[in-house]
Amino acid sequence: MKHAIRHSRPVLIGTCAFIMLTSASCDSTNDSASPGAAPPPASPAAEPTAVSFDTVNITFVTSTDSVQMQAELAERPDQRAFGLMDRDALPAEAGMVFLYDDIQSGDTGFWMYRTRIPLDIAYFDGAGTIVAIQQMMPCRSLDPNQCGGYAAGVPYYGAVEANRGYFARNGISTGDRVIIPGRIGG
């Protein structure tokens, strides 16, 4: 299943429980589903189960610096669907990279169902240029239909999730680049 808005689940992604939704508007300020947002499947049989991830060293290039991060790599549909779900912590300088085979619509994004960690997400294009950054709060509901999504607002090829405040703390903003050796920008 694809990440449905909220991190990929009818755009179903789980980064800490992110699922992409295919709807256009998402409410990032509360735990309820946004009007018009396509909720993910609510069937217990549809719940993703834990998957394993490879790691990759990525580099963010800003106008004044470069910042290294070790990130887990979510490039298969099952990895993107599970993301960072069900974790209680993420190391301070770590994250997760979500890659797609093609450009994703700006009305898709991620959600925080079953994600316990407040996160930042940076969406990037096929050249690795960061096109949007958002902050996402965990959804405490056990009902996936009550978890709103975070649409990118712009087309994107991938995303990096990190602990809340990571991008600001490291001076990373839109227009900066992410380099993923052998895959993006390098």
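- Considering CZ of Arg164 and CG of Leu90, their distance stands at 14.0 Å, rounded to 0.5 Å.
- Smallest separation of non-hydrogen atoms from Phe53 and Leu73: CD2-O, 3.4 Å.
- Between the CD1 atom of Ile121 and the CE atom of Met96 there is a distance of 11.5 Å, given to the nearest 0.5 Å.
- Under the rule for a side chain to side chain donor-acceptor pair (under 3.5 Å), the partners of Thr59 that lie at least two apart in sequence or sit in another chain are Gln68.
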Please report the C-alpha distance between Tyr157 and Gln104 in whole Å, then the side-chain angles of each, then the deciding distance to 0.1 Å, and finally whether the side-chain contact (heavy atoms from CB on, under 4.5 Å) criterion is met.
-> CA-CA 6 Å; Tyr157 180 75; Gln104 304 298 297; over 6 Å; no
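- Heavy atoms only, all atoms of each residue included: Ser141 and Cys147 are closest at O-SG, 4.3 Å.
- Residues Ala132 and Val154 approach most closely at CB-CG2, 4.1 Å, considering heavy atoms.
- Between Ala151 and Gly106, the shortest heavy-atom distance links the atoms CB-O, 3.8 Å.
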Go through the steps for Val97 and Ile58 under the test side-chain contact (heavy atoms from CB on, under 4.5 Å), then give the verdict.
-> CA-CA 9 Å; Val97 178; Ile58 66 173; 3.9 Å; yes
Under 3.5 Å, sequence neighbours excluded: what are the donor-acceptor pairs made by side chains of residues 167-181?
{"from": "Asn170", "atom 1": "ND2", "to": "Tyr166", "atom 2": "O", "distance (Å)": "2.9"}
{"from": "Asp176", "atom 1": "OD2", "to": "Ser173", "atom 2": "N", "distance (Å)": "2.8"}
{"from": "Arg177", "atom 1": "NH2", "to": "Gly185", "atom 2": "O", "distance (Å)": "3.0"}

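- Shown here for Arg116 and Arg140, the closest heavy-atom pair between the two residues is O-NH1, 4.3 Å.
- Side chain of Tyr123 to main chain of Ile130: no donor-acceptor pair is present (N/O by atom type, distance under 3.5 Å, no hydrogens or angles).
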